[in-house]
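Report on one structure; see the data block that follows.
For clarity, every value in this text was computed on a predicted model and none was experimentally measured.
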Amino acid sequence: MADIRAICAIGMSGQLGLHGVLPWEGRPERPFVEDVERFFDITRGHVLVAGPKTIAAVPEFAARDRTLVTIRSSDDPQEVLARFADRVVYIGGGPRVWDVYAGFIRHWDINRVPYDGEADTWFDPAWLLAGGKAPRP
């Protein structure tokens, strides 16, 4: 059975996104750079399942040392996850993906970054409560 996890960064008030990107994307301050480094370090050697936009944003250097899987809304989560039995699988992407996969996620790795500005997408604590309640692949 796959070990299914999620990894994400949120702002000080739970911010996730603004206009389809991380609100702090590209900021040079050390906490934001460290968050990106941490993401690539933790997911190295594992499977990253996410929507097309997230997968397309993975730089070439990172694509070489992890298995990238692009998912679509029509994909059956159980079928996707069953392909990776005995692997660590990170579910990435954001609300639309986590709405579908939250019930499979057994571990959430959430990093709070020092951003407290504008957002149009927020972390939903209900995703944490859904963890591990979906049928296992």
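- Here the closest non-hydrogen pair linking F32 and P114 is CZ-O, 3.8 Å.
- Among residue pairs with one or both ends in residues 5-24, those qualifying as salt bridge (charged side-chain N to carboxylate O under 4.0 Å, His left out) are D3-R5; sequence neighbours excluded.
- Under the rule for a side chain to side chain donor-acceptor pair (under 3.5 Å), D86 has no partner lying at least two apart in sequence or in another chain.
- F61 and Y90 fall within a single hydrophobic cluster, where Ile, Leu, Val, Met, Phe, Trp and Tyr are joined by side-chain heavy atoms under 4.5 Å apart, directly or via other members.
- Nearest heavy-atom pair, G93 versus T54, reported as atom, atom and distance to 0.1 Å: CA-OG1, 3.3 Å.
- Here R66 pairs with T43 under the side chain to side chain donor-acceptor pair (under 3.5 Å) rule; sequence neighbours left out.
- Taken from CZ in F123 to CZ in R112, the straight-line distance is 10.5 Å, to the nearest 0.5 Å.
- With hydrophobic clusters built from ILVMFWY side chains whose heavy atoms lie under 4.5 angstrom apart, I4 does not share a cluster with I55.
- In terms of hydrophobic clustering, with Ile, Leu, Val, Met, Phe, Trp and Tyr side chains grouped at heavy-atom distances under 4.5 Å, V88 and L81 are assigned to different clusters.
- Counting heavy atoms from C-beta outward, F39 and C8 have side chains that stay 4.5 Å or more apart.
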Less than 3.5 Å apart, which donor and acceptor atoms pair up between the side chains of residues 11-22 and the rest of the protein, not counting sequence neighbours?
{"from": "S13", "atom 1": "OG", "to": "D116", "atom 2": "OD1", "distance (Å)": "2.7"}
{"from": "Q15", "atom 1": "OE1", "to": "M12", "atom 2": "N", "distance (Å)": "3.3"}
{"from": "Q15", "atom 1": "OE1", "to": "S13", "atom 2": "N", "distance (Å)": "2.9"}
{"from": "Q15", "atom 1": "NE2", "to": "D116", "atom 2": "OD1", "distance (Å)": "3.2"}
{"from": "Q15", "atom 1": "NE2", "to": "G117", "atom 2": "O", "distance (Å)": "3.0"}

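- Linking Ile, Leu, Val, Met, Phe, Trp and Tyr whenever their side-chain heavy atoms come within less than 4.5 Å leaves L129 and W122 in two separate clusters.
- Applying the ring-ring contact (aromatic ring centres under 6.0 Å, His included) test to Y115 and every residue at least two apart in sequence or in another chain returns W24.
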Using atom types as modelled, flag every donor-acceptor pair under 3.5 Å from a side chain in residues 67-76 to any protein atom, sequence neighbours excluded.
{"from": "T67", "atom 1": "OG1", "to": "R87", "atom 2": "NH2", "distance (Å)": "3.3"}
{"from": "D75", "atom 1": "OD2", "to": "R72", "atom 2": "N", "distance (Å)": "2.8"}
{"from": "D76", "atom 1": "OD1", "to": "Q78", "atom 2": "N", "distance (Å)": "2.8"}

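- Linking ILVMFWY residues whenever their side-chain heavy atoms come closer than 4.5 Å, directly or via other members, leaves V36 and V113 in distinct clusters.
- In this structure E29 satisfies the salt bridge (charged side-chain N to carboxylate O under 4.0 Å, His left out) test together with R27, sequence neighbours excluded.
- Partners of E60 by salt bridge (charged side-chain N to carboxylate O under 4.0 Å, His left out), not counting sequence neighbours, listed by chain and number: R64.
- When the salt bridge (charged side-chain N to carboxylate O under 4.0 Å, His left out) test is applied to D109, the partners found at least two apart in sequence or on another chain are R38.
- Remark: P28 engages no residue in a side-chain contact (heavy atoms from CB on, under 4.5 Å) (not counting sequence neighbours).
- Screening residues 6-20 for salt bridge (charged side-chain N to carboxylate O under 4.0 Å, His left out), with sequence neighbours left out, gives no hits.
- For the pair I110 and L128, the minimum side-chain heavy-atom distance is below 4.5 Å.
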Donor-acceptor pairs under 3.5 Å, side chain of residues 96-105 to any protein atom, not counting sequence neighbours: which ones?
{"from": "W98", "atom 1": "NE1", "to": "I91", "atom 2": "O", "distance (Å)": "3.1"}
{"from": "D99", "atom 1": "OD1", "to": "W127", "atom 2": "NE1", "distance (Å)": "2.8"}

